[in-house]
Amino acid sequence: TKKPKLDMPYLDFEDGDNSMQRYLHDAGSILERGYEQYLKEGLPFAMFNYMDASTPMAVIPLKYLEEVRSASTCKLSFNSFLNKSTVAKDIGGPLVTDRVIRVVRQDLNRALNEMIEPIQQACDKVFGILLPPSRDWTPLNGHSLLWPLVSRIMARTFVGPELWDSEEWHAVVSSYFHAGLAASQRVRDGYHPWLRWTAKYFDKDIKAIYAVRRKGEELLKPVIDARIADARNQANGQGPGFNDGVRWLVDAYRAENKPIKAEQIMQDEAFLVGASVHGITVNALSILFDLMDRPESLAEIQAEISQVHAEYGGWTRKSLGALRVMDSFMKESQRLHTPQHCTMQRRALEGYTFKDGLYIPAGTSIFLPSRLLGRDPDVHPDGAKFDAKRWKRMREEGDATKFHFASLQNDMLPWGSGPHACPGRFLVQEVIKIIFIHLVTKYDVKYSEGVESRPPDYLEHTNSIPNIMALLLFKER
Ligand code: HEM
């Protein structure tokens, strides 16, 4: 018997230009049309999937959220979606595993309190180097400031004290990330799925990935040995001496009785870098642009920082939690400018039928709307307006435990939802707050000559990335 096909309307560009380039830079306009025409009516639609040309994307409405959330990972899989769309296996990139997810969800979140101080030290050092004391305005784009800063913060968290500030390590991380992006795009666009395994023999970026992996393994080996020794010492009643990603990974492999290999730990670290550095960088930059456009909010946030600091005497998770104006501003910025148009992506590992009969064939990936949901005025009152204190008011007038930057909500999905919701979101919340405490208390920031407000986002398939290359001017206050 013939297998059922994806049964939903298919949207493409109505003017007939359906080139890959068009999907790379303009897919958002199809999503906008589909959101208004179908999703808001509770109906799904399909469109070309730039990340996997073999099957269309199935974009489904919010009414399926609960079912997607609770579907078994053997049927609707986030890991499979990610591994397939990054073509990680064919380019030698890192695969997401349940183990590495567990490390973030359990070990990282347990350690968050202890991370606050090292994150502040990383900020002190990197700001000091990139924006040294000067009476003049220093030009720097958002990427040049935030990438090295966030990369060091994440290295302190996931690698530990030995390599967090190592130029060699950061060169490995940066080369791996950039070669990975280039290779995955070229292999997706240029190789038939059956022939992708051959790309490693020809593609210069894949060769670069294997080379930086080896370099990274060399750097990690002494760190891994120190963590194995630390775990042994702890078993004998001493320590622990380390609380970082390499130690958590070593513990995870030991608990499973699996060999501890530098090769695998390097790949786990690469996944953690990929999941965190770019996302935090663009989220922080987006908030910075929104803040520069609202001097009255900036002044309120500066006043809140000094009042909370005076009250608590320093920065801990508790005092960071008391920055309610800042938290609300961050969340409002994320509501309007979350980079991902869609989240809750899952790949159907077998044919999947929703309760109302909607059928998703094996191999098809589903997506839920995130950015357009956040902007929808029927979902968020006065949805087009940047209302800086929207979420602070909701906490005061409604439930004080909800509506934080890292809270999960059904009416906006920047972190996804349910058991697979982003486990790194609490770290993101604290990191962005610490970065802004440094930035707005120590520096004035303005746009370069001729730019009045937030520059337009870059559109990249179903993502809208804040303009990381726009030049900003910084001066010590
Ligand atoms: C602003 C930055 C970030 C954003 C916007 C973001 C967003 C997301 C989203 C939308 C998901 C999918 C959730 C779902 O489908 O239900 C996810 C998953 C995940 N994120 Fe993040 N994330 C960010 C930063 C981080 C960081 C810093 C880490 C690591 C520390 C991290 C680790 C993960 C992991 C491990 C998963 C997979 C969870 C699972 O499948 O159970 N993310 N993230």
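Just so you know, ligand 1 is whichever comes first in the structure, and atom 1 is the first atom listed for that ligand. The model shown is predicted, which means the values in this text are computed figures rather than measured ones.
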| task | Could you grab the distance from atom NZ of Lys75 to atom OG of Ser80, nearest 0.5 Å is fine? | result |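 Answer rounded to 0.5 Å: 15.5 Å.
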| request: Enter the distance from Arg105:CZ to Ile101:CD1 here, rounded to the nearest 0.5 Å. | output: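 Here the interatomic distance stands at 6.5 Å.
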Would you mind checking if [Y] and [X] are paired as a salt bridge, meaning a charged N to carboxylate O distance below 4.0 Å?
X      : Y      : result
Arg227 : Asp244 : yes
Arg152 : Glu167 : yes
Asp327 : Lys392 : no
Arg294 : Glu332 : no

Look at [atom] and say which protein heavy atom is nearest, naming residue and atom and giving the distance to 0.1 Å.
atom                    : result
atom 33 (C) of ligand 1 : Pro423 CD, 3.6 Å
atom 38 (C) of ligand 1 : His420 O, 3.4 Å
atom 1 (C) of ligand 1  : Asn283 ND2, 3.2 Å
atom 30 (C) of ligand 1 : Phe158 CZ, 3.4 Å
atom 2 (C) of ligand 1  : Gly279 C, 3.7 Å
atom 32 (C) of ligand 1 : Ala275 CB, 4.0 Å

| task | For residues Tyr253 and Ile260, report the shortest heavy-atom separation together with the two atoms involved. | result |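 For Tyr253 versus Ile260, the nearest heavy atoms are CB-CG1, 3.8 Å.
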Which ligand 1 atoms does [X] reach within 4.0 Å, using its non-hydrogen atoms?
X      : value
Val428 : 1 (C), 2 (C), 24 (C), 27 (C)
Thr343 : 10 (C)
Gln340 : 10 (C)
Pro414 : 5 (C), 7 (C), 10 (C)
Gly416 : 10 (C), 13 (C), 14 (C), 16 (O)
Phe78  : 12 (C), 37 (C), 40 (O)
Ser276 : 26 (C), 27 (C)

Output yes when the distance from some N or O of ligand 1 to some N or O of [X] is under 3.5 Å, and no in every other case.
X      : value
Arg346 : yes
Arg105 : yes
Ser417 : yes

Assess the side chains of [X] and [Y]: does a donor N or O sit below 3.5 Å from an acceptor N or O?
X      : Y      : answer
Arg335 : Gln409 : no
Asp268 : Gln264 : yes
Gln185 : Tyr50  : yes

Would you mind telling me if ligand 1 is within reach of the side chain of [X], the backbone, both or neither, using heavy atoms under 4.0 Å?
X      : result
Pro339 : neither
Trp415 : both
Arg69  : neither
Ala421 : backbone
Leu108 : side chain

| Pair His337-Ser464, side-chain hydrogen bond (donor to acceptor under 3.5 Å, both in side chains): steps then yes or no | CA-CA 8 Å; His337 291 126; Ser464 293; over 6 Å; no
| query | So Ser333 and Asp290, side-chain hydrogen bond (donor to acceptor under 3.5 Å, both in side chains) or not? Walk me through it. | reply | CA-CA 7 Å; Ser333 171; Asp290 285 337; 2.7 Å; yes
| said: Here's one to test your reading of the geometry: is the NZ or CZ of Arg454 within 45 degrees of the ring axis of Phe289 and under 6.0 Å from its centre? | reply: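 Verdict for Phe289: no cation-pi partner in Arg454.
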| Between Cys422, Gly274, Gly424, which one has a non-hydrogen atom sitting closest to atom 42 (N) of ligand 1? |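 When every heavy atom of Cys422, Gly274, Gly424 is considered, Cys422 comes closest to atom 42 (N) of ligand 1.
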| task | Determine, stepwise, if the pair Asp251 / Arg247 fulfils salt bridge (Lys or Arg N to Asp or Glu O under 4.0 Å). | result | CA-CA 6 Å; Asp251 287 351; Arg247 174 67 211 263; 3.1 Å; yes
| Quick one: does Leu272 get within less than 4.0 Å of ligand 1, heavy atoms only? |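 It does not, in that no heavy atom of Leu272 comes within the 4.0 Å cut-off of ligand 1.
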